[in-house]
Structure formats: structure tokens, C-alpha cells
K.L.:
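Dumping the structure here so I can ask a few things about it.
On a predicted model such as this, the values are computed, not experimentally measured, just so you know.
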Amino acid sequence: MADFKKFFKKTAVKEEPKEIPSVPRGLWIKCPGCGEMVYKEDVAANSYVCPKCGGYFRINARTRIRSVVDSGSFEEWFREIKGGNPLDYPGYPEKLEELRMRTHLEDAVLIGKATIEGTETVIGAMDSRFLMGSMGYAVGEKITRAFEKALSEKLPVILFCCSGGARMQEGMVSLMQMAKTAAAVRKHSRAGLLYVPVLTDPTTGGVTASFAMLGDIILAEAGALIGFAGPRVIQQTIGQQLPDGFQKPEFLLEHGIIDGIVPRGQMRTTLGRILKMHRKNRGYSYFPQEVPVREIEPFDRKKKGRKNKRKNGRVTAWERVLAARNSERPTSLEYIYAIFEEFMELHGDRTFGDDGSIVGGIAYLEGQPVTVIGVQKGKSTKENISRNFGMPSPEGYRKALRLMKQAEKFGRPVITFIDTPGAFCGIEAEERGQGSAIAENLAQMSDLEIPVLSIVTGEGGSGGALALGVGNQVWMMENSTYTILSPEGFASILWKDSRRAPEAAGVMKVTAAELLEMGIIDRVILEEYPACEDNLEQIAQDMKQRIKEFLTEQTGKPKELFAQERYERFRRM
């Protein structure tokens with residue numbers, strides 16, 4: 001299973017776009033990364049990746065497309081489109097003719113239709129050999145027509161981006177292609193169709209600031225230079241020193257701009273998976289047949305464990321609080337991998353960062369594509385630090401909302417897993433708008449035209465939990481809690497004594513049974529034994545069965561009804 005955060009070793013690629021011969025003539029070629037001479041056939045067999053250092057060779061548009069599409073399936077479009085010379089720039093027409101002869105391309109992009117692992121798609125690739133892939137009229141027109149034709153044929157679009165930016169020789173005509181292509185992408189998107197840009201070396205300037213960054217899922221190749229203004233421009237313009245790895249895919253992934261980095265040898269498989277996951281576009285019939293009840297293997301807990309402790313015939317609220325916080329409880333990712341198939345994690349809020357305390361992506365539930373999102377705690381101290389102890393920042397909530405809106409576009413149901421002591425309350429979170437991020441999630445979730453199921457698996461702390469809890473139904477595991485704030489905080493505010501937290505837990509009515517009786521939640525998932533690694537499989541199978549039943553109940557409903565039902569559910573509170 002591809003986890004985009006497990007990307008390959010960083011490659012040494014020149015910071016500034018340069019004319020690097022993609023596949024020089026001769027038996028031996030020089031690696032642009034390590035400078036070593038390598039055997040040309042070895043490089044070609046290794047997806048044009050240096051076998052010595054892992055550095056990526058730039059590859060031309062036809063090679064790029066041939067490497068990912070099904071053999072013989074590519075059909076070129078729009079070959080007749082050529083640019084003019086709006087500035088009457090001296091020597092420009094002659095330069096274009098020379099490049100056409102040398103590259104066998106009419107301009108810097110190749111567009112057409114093909115299949116990838118059996119799924120039909122519009123596909124395009126830019127070529128750095130043609131004026132560094134710069135975008136003039138011909139490039140903008142071909143890309144615009146690609147989206148228009150994809151819209152008419154109801155097809156997804158995949159574009160391999162590689163460009164130095166706008167084409168200087170065409171002046172303002174070139175600049176206008178940014179707006180034109182962006183409008184075409186938007187029109188295609190509003191029809192509920194998939195667009196995946198793949199950013200390769202280099203992707204800069206006006207291409208970065210238009211169609212390259214407007215995808216539903218944005219991927220990148222390792223080592224590519226990606227940015228609006230190149231490093232040299234930044235340094236010469238404002239004299240700012242740039243950090244190591246600046247404008248590299250790893251930098252962009254960390255800062256929430258892209259979804260993942262894909263090794264070149266895995267690109268075809270990854271694109272095939274993404275296309276397959278989006279075949280059922282806007283499909284609201286989830287499990288139309290009666291869901292068969294699957295027998296669940298009895299749980300054998302011989303090695304360790306105990307049934308829920310009982311005091312005077314029942315488990316106390318404070319004991320539920322301690323159980324919900326227990327580090328042995330399964331995390332959101334453990335539930336996701338145990339319940340769903342082929343989970344593909346996506347990353348970033350597209351604005352600031354990739355918050356590790358929120359995980360999310362696309363998966364299958366017995367053939368049905370779903371979007372799954374969860375608050376993720378760590379199992380070790382190091383992992384808890386990287387996950388911020390399950391306390392999301394604004395960028396985490398914005399990532400979750402981005403994935404939910406993406407799910408709405410493609411008609412996928414959303415399943416959220418909630419286990420958080422609350423939203424992160426540090427200075428940085430306030431500076432980046434923690435309150436507005438949570439508020440936006442509440443408002444936007446209430447209006448989603450898809451079914452949403454929220455499951456509290458551990459702690460459900462305050463607004464930080466509610467930001468993922470605006471569901472058509474909300475479930476709680478028996479040993480989870482859902483609270484206005486922590487019992488310690490409640491006791492401190494009302495009684496000025498945090499030591500009275502156990503007493504506060506009883507007063508607050510934080511348990512699943514109490515909240516079910518109050519009508520706050522819709523279902524309790526029983527735990528004969530507190531959830532842990534030993535009984536995860538049993539609990540996951542039970543939960544999977546219940547989720548399928550929930551989705552079966554949603555079949556055939558008009559999409560507007562999902563939002564109306566959520567509104568009415570919370571209106572009753």
C-alpha cells in the first residue's frame with residue numbers, strides 16, 4: 001500500500017530550470033544528480049532514474065505518457081493548434097519551427113486520451129525541451145480544450161506539469177492563459193469530474209499559479225523544483241536566504257500544499273488506483289441489497305485483560321474517562337486499516353501545513369469508495385509529539401474539511417473517527433484562526449449533500465471533537481466519552497478544585513449510555529472488554545457491519561435530504 005509520506009531518498013536536482021538533455025545519444029549518459037556516467041539502457045529500464053544515486057532524469061512528453069498509459073491506448077488531440085507572434089518578437093517564429101523539427105511536437109504540451117489500467121482518461125504532459133515548457137497561447141489553448149472535451153465526454157484529466165512559467169515572447173497573451181486554463185479547470189470540476197496534476201521538475205511561475213495547483217489530488221515527483229518564484233528570483237529580488245530543501249516536494253508536503261510524493265516507478269499504479277477509486281462518480285446507492293449479517297468470531301482474551309470493572313453493579317463515569325484515555329485503545333488509523341480496504345492517505349490543507357493529528361483519505365468498504373477521516377493519537381512519546389497528542393491545529397481541521405468537500409464532489413460518504421482531548425490551544429493555533437477553522441467545519445459539515453457518520457472511539461473533547469462530529473448519525477463506543485471540556489477543567493471552573501474531576505465526570509454525564517438517553521448520540525457500540533489490540537479485529541468487524549447497515553439506510557435518498565436530516569437532528573438539541 002502506497003503511503004506517500006514514505007517517499008524515496010531525496011534526489012539532487014538543479015535548483016534552476018536548465019536545458020538538460022533528456023536522453024542523450026550514445027551508450028552512456030551523465031547523471032544530472034551525481035554526475036556519474038551510467039549505462040543508457042539501465043537508466044531507461046529504471047524509469048529514467050539513476051541506478052547509482054536515485055536522481056531523476058527529465059523525460060520528454062511522449063516517454064512520460066508512454067510510461068503510464070496502457071500500451072497502444074494513447075490518441076493524440078489538438079495537434080493542429082499552434083501559437084502566433086503577438087509581440088512581433090524577432091526570431092520567435094523561426095525558433096518555434098526549429099523546436100518543432102527537433103522535438104517532433106507542435107508546442108510544449110502533448111494532449112490526448114488513453115486508458116490507465118483499464119480506466120479511460122484525458123492525459124497531457126508538458127515538455128521542458130520546448131522553451132522550458134513555457135505557457136503561451138498554444139499550451140493554454142490545448143489545456144483548455146482538454147478540459148472542455150473531458151467535460152463533454154465526462155472523463156477525468158491527468159496532467160504532468162513541467163514548465164518555467166509564462167512565455168515571455170508572447171507577453172500579455174501568455175499571461176491570459178493562466179485565467180483561461182483556471183476557468184476551464186473550474187468548469188470541469190463543477191461537473192463532478194476528477195483532475196490530478198502531477199508536478200515534475202520544474203513546475204514554476206504562471207503554470208504553478210494556475211492549472212498546476214487546482215487538482216482534486218496533487219501529486220509530485222521526488223526532487224522536483226516547485227514554486228511560483230524561483231529561488232534565484234527570490235534571492236535577487238528581496239535578498240532572502242532560503243532554507244535547505246526549499247521548493248522541493250518534501251517541503252511542499254510538510255507545508256500542506258500537495259497530497260503526496262510518488263516514486264516514478266510507482267506512478268502508473270498510483271494513478272490507476274486513483275482513477276479506479278473515482279469510477280463511481282456521484283453514486284448515492286451504497287448497498288442497495290440487504291446486508292448479510294456476518295458471524296463474528298468470539299473474543300478469546302486468555303493472555304491478558306479483564307471485563308469492564310464494575311462498582312455497585314456498574315462502571316463509574318470516571319472509570320469510563322480513564323478507559324477512554326488509555327494508551328492501549330486503538331487509534332483512528334488502526335480502525336481505518338482494520339475496517340476498510342486499500343486506504344490511500346491524502347495530505348495537507350493546501351494553505352499552511354499537514355497536521356499529523358488529523359489523518360484522512362480514500363478507501364473501500366467492500367467495493368464502495370468512502371472518505372475516512374480521523375483524529376490520530378500516537379502510541380509512543382515520539383509519535384505523540386508528531387501527532388500533537390491528538391490535538392488538531394487549524395490546518396488539521398481545514399485538511400479534514402477539504403477532504404469532506406472532495407467527498408461531496410464525488411458522491412462518497414464520509415466516516416469520521418473521533419479521539420481527541422480537544423483542539424490545540426497554543427499561540428500558533430490562535431494566530432492561524434483555530435476558532436474560525438472549527439466554526440467553518442461545523443457550518444460546512446452541516447450542509448454536505450452526502451451521508452456523514454461520526455464515531456467517537458476514545459475521548460470526544462469539546463469543540464475540537466464536534467468539528468468532526470456533525471454527522472447524520474453519531475455513535476460512541478461504550479468506553480468513550482463526549483464532553484463539553486475535561487472533567488478536570490469542569491471542576492476547576494465551577495468548583496475551583498481540579499482534584500474533584502472524578503466527581504465532575506459523574507455530574508457532567510459524559511458516558512455513551514447517558515448521552516444516548518439524552519438524545520445526543522444515536523448508538524452505543526458495546527465493549528465487553530475495553531478496546532485494545534487484542535480485540536481490535538472483533539470490534540472492527542462489528543463496526544464494519546454496522547457502517548454497512550448505516551449506508552444501506554441512505555440508499556435512494558435525494559442528496560439534499562442528507563443536509564436536511566443533519567439540520568433537523570441538531571435542531572432538536
K.L.:
Report the distance from atom CD of Gln406 to atom CZ of Arg412, rounding to the nearest 0.5 Å.
P.N.:
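Here the interatomic distance stands at 5.0 Å.
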K.L.:
Look up atom NE2 in His255 and atom CD in Glu395, then write down how far apart they are to the nearest 0.5 Å.
P.N.:
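So the NE2 of His255 and the CD of Glu395 are separated by 10.5 Å.
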K.L.:
Please report the C-alpha distance between Tyr39 and Trp28 in whole Å, then the side-chain angles of each, then the deciding distance to 0.1 Å, and finally whether the side-chain contact (heavy atoms from CB on, under 4.5 Å) criterion is met.
P.N.:
CA-CA 5 Å; Tyr39 192 44; Trp28 297 86; 4.1 Å; yes
K.L.:
CD1 of Ile59 to OG1 of Thr200: how many Å apart, nearest 0.5 Å?
P.N.:
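Rounded to the nearest 0.5 Å, the CD1-OG1 separation comes to 8.0 Å.
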K.L.:
Distance-only, no hydrogens or angles: does the Arg264 side chain make a donor-acceptor pair with backbone N or O of Ser47 under 3.5 Å?
P.N.:
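Yes, the answer is positive, given that a donor and an acceptor are paired below the 3.5 Å cut-off.
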K.L.:
Among Asp349, Thr351, Asp354, Asp355, which residue meets the side-chain hydrogen bond (donor to acceptor under 3.5 Å, both in side chains) test with Lys399?
P.N.:
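The side-chain hydrogen bond (donor to acceptor under 3.5 Å, both in side chains) with Lys399 is passed solely by Asp354 among Asp349, Thr351, Asp354, Asp355.
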K.L.:
Applying side-chain contact (heavy atoms from CB on, under 4.5 Å) to Leu333 and Phe343, what does each step give before you reach the verdict?
P.N.:
CA-CA 10 Å; Leu333 277 177; Phe343 174 60; 3.9 Å; yes
K.L.:
Please find the pair of heavy atoms, one from Asp127 and one from Ala61, that lie closest to each other, and give the distance.
P.N.:
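Taking Asp127 first and Ala61 second, the nearest heavy atoms are OD2-N, 3.0 Å.
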K.L.:
Can you name the side chain to side chain donor-acceptor pair (under 3.5 Å) partners of Ser134, sequence neighbours left out?
P.N.:
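Per chain and number, Ser134 pairs via side chain to side chain donor-acceptor pair (under 3.5 Å) with Arg167.
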K.L.:
In sequence, state the C-alpha distance, the side-chain angles, and the governing distance for Cys31 and Lys52, and then conclude on side-chain contact (heavy atoms from CB on, under 4.5 Å).
P.N.:
CA-CA 9 Å; Cys31 173; Lys52 294 186 177 182; over 6 Å; no
K.L.:
Is there side-chain contact between Tyr335 and Asp419, with heavy atoms separated by less than 4.5 Å?
P.N.:
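The answer is no, as the side chains (C-beta and beyond) never meet within the 4.5 Å cut-off.
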K.L.:
Could you list the donor-acceptor pairs under 3.5 angstrom formed between side-chain atoms of residues 187-194 and any protein atom two or more places apart in sequence or on another chain?
P.N.:
{"unit_1": "His188", "atom_1": "NE2", "unit_2": "Leu155", "atom_2": "O", "d": "2.9"}
{"unit_1": "Ser189", "atom_1": "OG", "unit_2": "Lys409", "atom_2": "NZ", "d": "2.8"}

K.L.:
Tell me whether Glu117 is salt-bridged to Lys276, with the criterion being a basic N under 4.0 Å from an acidic carboxylate O.
P.N.:
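No, this pair does not count.
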K.L.:
Considering all heavy atoms of both residues, which atom of Ser210 and which atom of Met135 are nearest to each other, and what is their separation?
P.N.:
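What the structure gives for the nearest pair is OG-CE, 4.1 Å.
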K.L.:
Check this for me, if you would: do Arg398 and Glu440 make a salt bridge, where the nitrogen-to-carboxylate-oxygen distance has to be below 4.0 angstrom?
P.N.:
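No, Arg398 and Glu440 are not salt-bridged.
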K.L.:
Can the ring centroids of Tyr195 and Phe211 be said to lie less than 6.0 angstrom from one another?
P.N.:
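Ring-ring flag for Tyr195/Phe211: false, centres at least 6.0 Å apart.
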K.L.:
So, the side chain of Glu170 versus the backbone of Tyr137: is there a donor-acceptor pair under 3.5 Å, distance only?
P.N.:
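A pair under 3.5 Å: yes.
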K.L.:
Could Glu221 and Arg64 be called an ion pair, given the rule that one side-chain N must be under 4.0 Å from one carboxylate O?
P.N.:
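Arg64 and Glu221: salt-bridged.
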K.L.:
Measure the spacing between OG1 of Thr103 and CG of Leu131 and express it to the nearest 0.5 Å.
P.N.:
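Answer for the OG1-CG pair, Thr103 versus Leu131, is 9.5 Å.
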K.L.:
Heavy-atom count around Glu75 CD within 6.0 Å, excluding the residue itself: above 12?
P.N.:
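Enclosed.
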K.L.:
Donor-acceptor check, side chain of Arg402 to backbone of Gly348, threshold 3.5 angstrom: yes or no?
P.N.:
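Flag set: sc Arg402 to bb Gly348 pair under 3.5 Å.
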K.L.:
Evaluate the side-chain hydrogen bond (donor to acceptor under 3.5 Å, both in side chains) criterion for residues Thr115 and Asp70: first the C-alpha distance (whole Å), next the side-chain angles of each, then the deciding distance (0.1 Å), finally the verdict.
P.N.:
CA-CA 6 Å; Thr115 60; Asp70 298 339; 2.7 Å; yes
K.L.:
Supply the atom-to-atom distance Lys248 NZ to Ile226 CD1, rounded to the nearest 0.5 angstrom.
P.N.:
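Rounded to the nearest 0.5 Å, the NZ-CD1 separation comes to 8.5 Å.
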K.L.:
Taking all non-hydrogen atoms of both residues, which atom of Pro156 and which atom of Ala150 are closest, and how far apart?
P.N.:
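Shortest heavy-atom separation between Pro156 and Ala150 comes out as O-CB, 4.5 Å.
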K.L.:
Show the numbers, then the answer: is there a side-chain contact (heavy atoms from CB on, under 4.5 Å) between Met404 and Leu468?
P.N.:
CA-CA 10 Å; Met404 286 187 274; Leu468 295 183; 4.3 Å; yes
K.L.:
Has the side chain of Asp201 got a donor or acceptor atom that lies under 3.5 Å from a matching backbone atom of Leu225?
P.N.:
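Looks like yes, one N/O pair under 3.5 Å.
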K.L.:
With a 3.5 Å distance limit and no angle check, can you tell me whether Ser332 reaches the backbone of Val375 through a side-chain donor-acceptor pair?
P.N.:
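Between the backbone of Val375 and the side chain of Ser332 there is a qualifying donor-acceptor contact (under 3.5 Å).
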K.L.:
Decide yes or no for Phe147 and Leu159: does some side-chain heavy atom of the first lie under 4.5 Å from some side-chain heavy atom of the second?
P.N.:
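With C-beta onward as the side chain, the pair touches.
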K.L.:
Is it true that atom CZ of Phe228 has more than 12 heavy atoms of other residues, nucleotides or ligands lying nearer than 6.0 Å?
P.N.:
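Not more than 12 within 6.0 Å, no.
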K.L.:
Atom CD1 in Ile362, atom CD in Glu342: separation rounded to 0.5 Å?
P.N.:
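Here the rounded value is 11.5 Å.
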K.L.:
Less than 4.5 Å apart, any side-chain heavy atom of Gln169 and any of Leu87?
P.N.:
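No. Closest side-chain heavy atoms not under 4.5 Å.
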K.L.:
Would a 4.5 Å heavy-atom cut-off, applied to side chains only, mark Val359 and Glu345 as touching?
P.N.:
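When only atoms from C-beta onward are counted, Glu345 and Val359 do touch, with a gap below 4.5 Å.
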K.L.:
Strictly distance-based, threshold 3.5 Å: is any side-chain N or O of Ser152 a donor or acceptor partner for the main-chain N or O of Lys149?
P.N.:
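Judged by distance alone, yes, a pair lies under 3.5 Å.
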K.L.:
Okay, side chain of Glu408, backbone of Glu449: is any donor-acceptor separation there less than 3.5 Å?
P.N.:
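At least one qualifying donor-acceptor pair exists.
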K.L.:
Is there a donor-acceptor pair under 3.5 Å between the side chain of Thr181 and the backbone N or O of Gly140?
P.N.:
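Checking the backbone N and O of Gly140 against the side chain of Thr181, no donor-acceptor pair under 3.5 Å is found.
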K.L.:
Would you say that Thr371 contacts Ile450 through its side chain, given a criterion of any heavy-atom pair below 4.5 Å between the two side chains?
P.N.:
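Side-chain contact under 4.5 Å: no.
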K.L.:
Between Asp107 and Val139, is there a donor-acceptor pair closer than 3.5 Å when you use the side chain of the first and the backbone of the second?
P.N.:
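No; zero donor-acceptor contacts below 3.5 Å.
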K.L.:
If you compare all heavy atoms of Ser393 against all heavy atoms of Phe424, which two are closest, and at what distance to 0.1 Å?
P.N.:
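For Ser393 and Phe424, the tightest heavy-atom pair comes out as OG-CD2, 3.8 Å.
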K.L.:
I'd like to know if the side chain of Arg350 reaches the main chain of Ile258, judged simply by a donor and an acceptor atom lying under 3.5 Å from each other, with no hydrogens or angles considered.
P.N.:
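The answer is no, because no donor-acceptor pair under 3.5 Å joins these two groups.
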K.L.:
Specify the closest pair of heavy atoms between Glu341 and Glu366, including all atoms of both residues, with the distance to one decimal.
P.N.:
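Result for this residue pair: OE1-N, 2.8 Å.
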K.L.:
Glu76: what forms a salt bridge (Lys or Arg N to Asp or Glu O under 4.0 Å) with it, not counting sequence neighbours?
P.N.:
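Result, salt bridge (Lys or Arg N to Asp or Glu O under 4.0 Å) vs Glu76: Arg62, Arg79.
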K.L.:
Salt bridge (Lys or Arg N to Asp or Glu O under 4.0 Å), that's the test. Do Lys142 and Glu106 meet it? Break it down for me.
P.N.:
CA-CA 11 Å; Lys142 283 189 175 187; Glu106 297 307 310; over 6 Å; no
K.L.:
Under the criterion side-chain hydrogen bond (donor to acceptor under 3.5 Å, both in side chains), which of Glu97, Glu98, His104 is the partner of Arg100?
P.N.:
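By the side-chain hydrogen bond (donor to acceptor under 3.5 Å, both in side chains) criterion, Arg100 pairs with just one of Glu97, Glu98, His104: Glu97.
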K.L.:
Do you know the tightest heavy-atom contact between Val262 and Leu219?
P.N.:
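Residues Val262 and Leu219, closest heavy atoms: CG2-CD1, 4.0 Å.
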